[in-house]
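Please read the structure below before turning to the comments.
Atoms within each ligand, like the ligands themselves, are counted from 1 in listed order. Position 1 is the first residue of the sequence, and the numbers go up from there.
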Amino acid sequence: MQSWAPVDVPRLEGSGPPLRLYDTSTGRVRPTAPGPEATMYVCGITPYDATHLGHAATYLAFDLVNRYWRDLGHDVHYVQNVTDIDEPLLERAARDQDDWVVLGMRETALFREDMAALRVLPPRHYIGAVEAMGEISEFVAKLLAGGSAYRIDDAEFPDVYFDITATGHFGYESNYDEQTMLQLSRERGGDPDRPGKRNPTDALLWRMAREGEPSWESELGAGRPGWHVECAAIALNRLGEQIDLNGGGSDLIFPHHEFGAAHAEALTGAHPFARHYVHSGMIGLDGEKMSKSRGNLVFVSKLRSADVDPSAIRLALLSGHYRDDRPWTDDLLAQAHRRLDRWREAVALKAGPDAGQTITDLRTHLADDLDTPRALAAVDAWADAALERRGTDTAAPGRVRDAVDALLGVRL
Ligand SMILES: Nc1ncnc2c1ncn2[C@@H]1O[C@H](COS(=O)(=O)NC(=O)[C@@H](N)CS)[C@@H](O)[C@H]1O
Ligand SMILES: [Zn+2]
């Protein structure tokens, strides 16, 4: 599947400290240490109700990681999927008398447009589950052959499940207890109460074809994949056995990323699958998580069609810390507009105070687990000084503009 338009990123002089990020599996902020090419897998959308501000906040967080690693001089091999076949998509298509394929294509196209408008750097590989069906079924067949997976004893639908005891590390990514895992498995598409499973939380790998459901021929028999194995296969086959970062919103901590890691590790034996598991907080509206099921969604495309500057949307979402569950409010957007106008006014000056310290501060704060509130405050300070006390450095406004573009993706 084609990704979206590339974004030019100004090259800045010098570089900052190593990027440190909170890792869910160890519960600590730790330095990332990618090689010359950093490898990052961030889960993509299930293409309906796209792109709401929750989606946008999550993809902006990982865009900052991408930009910061590039600022350090790394290449970034960024891979993202599209869950263009899954229960929720089929249900939404049925509800709206829509063809699920058309719905998926339409919403994915809208998502690409929104990401390009927000100046999110595109993934090098943007892969749909449907186009990856061959490699996914092959991955499942290998798990089955290797004994990490089994067919459930159900004559009508002998579906394939993953055995959570296969790797001996299951649970290390989320660190959730059994009770929590059971509850979240139930809430997020699992079937812990299905009779015949070895362990209630064992995850579905391959669902044999049901009447009236889309299915694909495979060595496993006609059917379609479980949700987690799609990401494990797409990531592993493009980024290798161990990656620098596996990311998504905090609602993916379990079961999705726990199983994605377990599937990959069961196949390769390489542990941990990702050196960092990074999760962003939930954007809420009126006190509830912004989510498809609740329907309390604010869409990027609606704001864009109301002529809201995408850079203001970016600034509004970056004004909070990426890991915090936080509300979206109209006031947040109004504040962001004011901030954007002030920064633009300051960089339009002929000269300003020295930019060096500001760029150093920007990098230091971003390197500290993407501390964007402090990073934005550093630019506020420079803009205030430039507008109030002026300054004599004629290179400063241009340097600040380029740093804000390269590191925050905000176009001044
Ligand atoms: N309210 C929200 N705030 C922040 N991030 C959110 C919110 N709702 C969803 N997300 C994140 O947006 C990304 C896409 O969500 S999604 O469309 O439901 N799709 C999926 O979770 C799967 N296709 C991942 S393979 C996920 O990382 C999810 O955690
Ligand atoms: Zn995923």
Would you mind checking which non-hydrogen protein atom is closest to [atom], with the distance to 0.1 Å?
{"atom": "atom 3 (N) of ligand 1", "result": "Ile283 N, 2.8 Å"}
{"atom": "atom 14 (C) of ligand 1", "result": "Tyr59 OH, 3.4 Å"}
{"atom": "atom 24 (C) of ligand 1", "result": "Gly44 O, 3.3 Å"}
{"atom": "atom 2 (C) of ligand 1", "result": "Gly54 CA, 3.4 Å"}
{"atom": "atom 26 (C) of ligand 1", "result": "Leu252 CD1, 3.8 Å"}
{"atom": "atom 11 (C) of ligand 1", "result": "Thr58 OG1, 3.9 Å"}
{"atom": "atom 25 (S) of ligand 1", "result": "Trp227 NE1, 3.2 Å"}
{"atom": "atom 10 (N) of ligand 1", "result": "His55 CD2, 4.2 Å"}

Ion pair [X]/[Y], N-O distance below 4.0 Å:
{"X": "Arg210", "Y": "Asp159", "answer": "yes"}
{"X": "Asp380", "Y": "Arg339", "answer": "yes"}
{"X": "Asp49", "Y": "Arg92", "answer": "yes"}
{"X": "Asp405", "Y": "Arg411", "answer": "yes"}
{"X": "Asp371", "Y": "Arg374", "answer": "yes"}
{"X": "Arg304", "Y": "Asp309", "answer": "no"}

Of the side chain and backbone of [X], name the one, both, or neither that has a heavy atom under 4.0 Å from an atom of ligand 1.
{"X": "His52", "result": "side chain"}
{"X": "Ala50", "result": "neither"}
{"X": "Asp86", "result": "neither"}

Looking only at side-chain N and O atoms, does [Y] offer a donor or acceptor that is under 3.5 Å from a partner on [X]?
{"X": "Trp69", "Y": "Asp244", "answer": "no"}
{"X": "Asp98", "Y": "Tyr48", "answer": "no"}
{"X": "Asn199", "Y": "Thr201", "answer": "no"}

Hey, would you say the Tyr161 and Trp206 ring centroids sit under 6.0 Å apart?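 Distance test on ring centres: not under 6.0 Å, no.
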
Original post:
Do the ring centers of Phe170 and Phe162 come within less than 6.0 Å of each other?
Top reply: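 Between Phe170 and Phe162, the centre distance exceeds or equals 6.0 Å.
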
Is any N or O atom of [X], backbone or side chain, closer than 3.5 Å to an N or O atom of ligand 1?
{"X": "Met290", "value": "yes"}
{"X": "Ala57", "value": "no"}
{"X": "Asp251", "value": "yes"}
{"X": "Thr46", "value": "yes"}
{"X": "Gly249", "value": "yes"}
{"X": "His256", "value": "no"}
{"X": "Thr83", "value": "yes"}

Closer than 4.0 Å to some heavy atom of [X] - which atoms of ligand 1 meet that?
{"X": "Cys231", "result": "25 (S)"}
{"X": "Cys43", "result": "24 (C), 25 (S)"}
{"X": "Asn81", "result": "25 (S)"}
{"X": "Gly248", "result": "27 (O)"}

Item to complete: Identify the residue among Arg188, Lys289, His279 that makes a side-chain hydrogen bond (donor to acceptor under 3.5 Å, both in side chains) with Asp251.
Response: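 Only one of Arg188, Lys289, His279 forms a side-chain hydrogen bond (donor to acceptor under 3.5 Å, both in side chains) with Asp251, namely Lys289.
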
* Please name all residues satisfying side-chain hydrogen bond (donor to acceptor under 3.5 Å, both in side chains) with Arg314, sequence neighbours left out, ordered by chain then number. =>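 With neighbours one apart ignored, the set is Asp63.
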
- Do any protein N, O or S atoms sit under 2.8 Å from the Zn ion (ligand 2), and which ones are they?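 Metal shell, protein only: Cys43 SG, Cys231 SG, His256 NE2.
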
Legend entry - Straight-line distance of Leu376 CG to Leu408 CG, nearest 0.5 Å: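 Rounded to the nearest 0.5 Å, the CG-CG separation comes to 6.0 Å.
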
Distance check, rounded to the nearest 0.5 Å: Leu204 atom CG versus Glu87 atom CD?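 Between Leu204 CG and Glu87 CD, I get 8.5 Å after rounding to 0.5 Å.
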
**Report entry** Crowding at CZ, Arg194 (>12 non-hydrogen neighbours, <6.0 Å)
**Finding:**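 Check passes, neighbour count above 12.
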
- Task: Check whether any side-chain heavy atom of Tyr322 lies under 4.5 Å from a side-chain heavy atom of Thr58, and answer yes or no.
- Result: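 The answer is no; the side chains never approach within 4.5 Å.
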
Check your understanding: So, do Leu333 and Asp330 sit near enough that their side-chain heavy atoms are less than 4.5 Å apart?
Key ->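 A side-chain contact under 4.5 Å is absent here.
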
Exercise. Would you check whether Ser280 reaches within less than 4.0 Å of ligand 1, judged by its heavy atoms?
Key: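 Ser280 does not count as a contact of ligand 1 under the 4.0 Å cut-off.
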
Sub-4.0 Å heavy-atom approach of Gly281 to ligand 1: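 Distance cut 4.0 Å: Gly281 passes for ligand 1.
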
